[in-house]
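Quick one: the structure is below, and I'll ask about it shortly.
Each chain gets a letter, A, B and so on, in the order the sequences are listed, and its residues count up from 1.
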There are 2 protein chains.
Amino acid sequence: MALDHAILVSLLEKPGSGYELARRFERSIGYFWTATHQQIYRVLKRLESEGALTVRDVPQRGRPDKKEYSVADPGRAALSRWLHEPIEPESLRHDLAVKIRGAAFDDPAALIDEVERHHQVHSGRLAHYLTGELRDFTGPDAPVPLDAGQELQHVVLRGGIAYERMTIAWLDDVLATLHTLSSRAGLAVGGPSAHSA
Amino acid sequence: MALDHAILVSLLEKPGSGYELARRFERSIGYFWTATHQQIYRVLKRLESEGALTVRDVPQRGRPDKKEYSVADPGRAALSRWLHEPIEPESLRHDLAVKIRGAAFDDPAALIDEVERHHQVHSGRLAHYLTGELRDFTGPDAPVPLDAGQELQHVVLRGGIAYERMTIAWLDDVLATLHTLSSRAGLAVGGPSAHSA
DNA sequence: AAATCCATGTAAGACGTTACATGATTTG
DNA sequence: CAAATCATGTAACGTCTTACATGGATTT
């Protein structure tokens, strides 16, 4: 289960509360793993009961107290064990691709808006990643040289950037295909004036 | 739930048994959605009980009988409804990226073998996709012109090909980063002969 | 006054994985 | 004769998602 390990890595990078972890999963860690706060709270509890984490109650003024979790030695050891185990290359689950193949049995043109919406979302993510890259790794305020942890974070971020660029190019390809098919649909072999069923 | 819809699309493309679907999920549909035979049998039963599918018992000689499922009108309607609903752009779950970030707290060089193994798997998938593309869409035996369904299958396959190419390039980047870090680890600022802790 | 943020949680249900089970036929 | 292929399923368990619930502080 990689959620355990993703949480351990994130807490090693910086201790924090369940709420803070949930925010990180919307940002940097979220580039490659998603989780909701419900999942996170459950796993934090389990990892603490297993001794992998320690908690510290942090009272706050004007805010609910928070529980700050840190990685304990057994947690670090469990992570290290996992790092040395081989894992399966992941398999995709891509709803949009199911839709595209399904469109053959419906109206392909009806998918155009949906694909354009996905295009916008991915363009937004790319812009966000590029901003983060400039801020943390390649801009004038970035540390020089980067330490090992930062180099590794950077190469993961480059993966996210490459993924978004590839996806955007593919969505352009999909849009071109859908446009071709819908203009083709109006035409029979003899030309625009041909009879239709 | 996209497994329902992936099964409906696959059965619209060609009716078949649970076993045959499981094989397809290892191949063409599996480019973008995975499922095991246990999941498939459960969903087939449910879809049939809901009236979305019809079954036909096909006796076979020297083999267990099979149940051939086809999509009924309510199933087609359910698929069409889903096609017109917006879906969320998917979020990644990439174990290897978790490992790469985790490597900062362990030995980055220990990841090299694992990354090379993933590289090989993705290279194999790419070769497999390219073979399929040549056979079905771009080679001399492919139909000309392709119909709408084939064009849509092809654009999805192009997505799989782009994904594998992007991933392979990224894994090269990861390997270069890991090699740089492990050669750097042996060196202190003053050069190879510097003292170590 | 309403919405959003911080901060934590419970509960129910859907979904997915792994292991187990059967049995004939074909291939090596 | 052993292993793989075809074909279907059950059971148990683990994970993930969605909805519900609370309550003060801050922002609009």
Margin query: Can you measure A:R93 atom CZ to D:dC16 atom P for me and round it to whole angstrom units?
Written below: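 Computing the A:R93:CZ to D:dC16:P distance gives 12 Å.
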Notebook entry, point to check: Contact boundaries of DNA chain C with chain A (under 4.0 Å, heavy atoms), 5' to 3'?
Noted result: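 It runs C:dC5 to C:dT17.
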Note to self: Between B:S123 (side chain only) and B:H119 (backbone N and O only), is there a donor and an acceptor less than 3.5 Å apart?
What the structure shows: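 At least one qualifying donor-acceptor pair exists.
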Next item on the list: Using only heavy-atom distances, decide whether a donor-acceptor pair under 3.5 angstrom links the side-chain of A:R42 to the base of D:dT17.
Entry: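 Indeed, a donor on one side and an acceptor on the other fall under 3.5 Å apart.
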Note to self: Closer than 3.5 angstrom, by distance alone: can the side chain of A:W170 be matched with the main-chain N or O of B:V156 as a donor-acceptor pair?
What the structure shows: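 Not confirmed, A:W170 side chain does not pair with B:V156 backbone.
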Margin query: Go nucleotide by nucleotide along DNA chain C from the 5' end; which of B:Q39 and A:S17 gets its closest nucleotide reached first?
Written below: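 First, find each residue's nearest nucleotide; the 5'-ward one identifies A:S17.
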Notebook entry, point to check: Starting at CG of B:D65 and ending at C1' of D:dT8, how long is that distance when rounded to a whole Å?
Noted result: 11 Å
Check: What is the nucleic acid contact for A:Q60, judged by heavy atoms within less than 4.0 Å: base, sugar-phosphate only, or nothing?
Finding: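 Counting heavy atoms under 4.0 Å across all strands, the contact made by A:Q60 is with sugar-phosphate only.
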Check: Do the charged groups of B:R24 and B:E13 touch, with an N to O distance under 4.0 Å?
Finding: no
Note to self: Whole angstroms only, please: what is the CZ-P distance between B:F25 and D:dA7?
What the structure shows: 17 Å
Check: Got a donor-acceptor contact below 3.5 angstrom from the A:S10 side chain to the A:A6 backbone?
Finding: no
Next item on the list: Could you encode protein contacts along nucleotides 21-28 of chain D as a string, one character per nucleotide from 5' to 3', using B for base contact, S for sugar-phosphate-only contact and - for no contact, with a heavy-atom cut-off of under 4.0 Å?
Entry: --B-S---
Check: Between A:K45 (NZ) and D:dT15 (P), how many Å, whole number?
Finding: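 After rounding, the gap between these two atoms is 16 Å.
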Check: When the nearest nucleotide of DNA chain D is assigned to B:R23 and to B:K67 on a heavy-atom basis, which residue is associated with the more 5' position?
Finding: B:R23
Check: Is the closest side-chain donor-acceptor distance between A:R158 and B:T177 under 3.5 Å?
Finding: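 Yes, a side-chain donor-acceptor pair sits under 3.5 Å.
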Checklist line | Charged N-O contact under 4.0 Å between B:E114 and B:R117 | finding: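 Salt bridge: yes.
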Note to self: Starting the side chain at C-beta, find the nucleotide from D:dA19, D:dT17, D:dA7 nearest to B:Y41.
What the structure shows: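 So the side chain of B:Y41 is nearest to D:dA7.
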Note to self: Looking at A:T180 and A:A176, would you say the former's side chain and the latter's main chain have a donor-acceptor pair under 3.5 Å?
What the structure shows: yes
Next item on the list: Could you tell me how the ring of A:W82 sits relative to the ring of A:H5: parallel (under 30°), tilted (30 to 60°) or perpendicular (over 60°)?
Entry: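 Ring orientation, 0 to 90° scale: parallel.
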Item checked: Atom-pair distance (CD on B:E68; P on D:dA7), nearest Å -> 11 Å
Next item on the list: Could you tell me the separation between the CG atom of B:L3 and the P atom of D:dC16, rounded to a whole number of Å?
Entry: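 Rounding to the nearest Å, CG of B:L3 and P of D:dC16 are 17 Å apart.
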Notebook entry, point to check: Can you check whether B:K66 has a side-chain N or O nearer than 4.0 Å to OP1 or OP2 of D:dT5?
Noted result: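 No, B:K66 has no side-chain N/O under 4.0 Å of OP1/OP2 on D:dT5.
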Notebook entry, point to check: Are B:K14 and B:E20 close enough for a salt bridge, meaning some N to O gap below 4.0 Å?
Noted result: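 Salt bridge: no.
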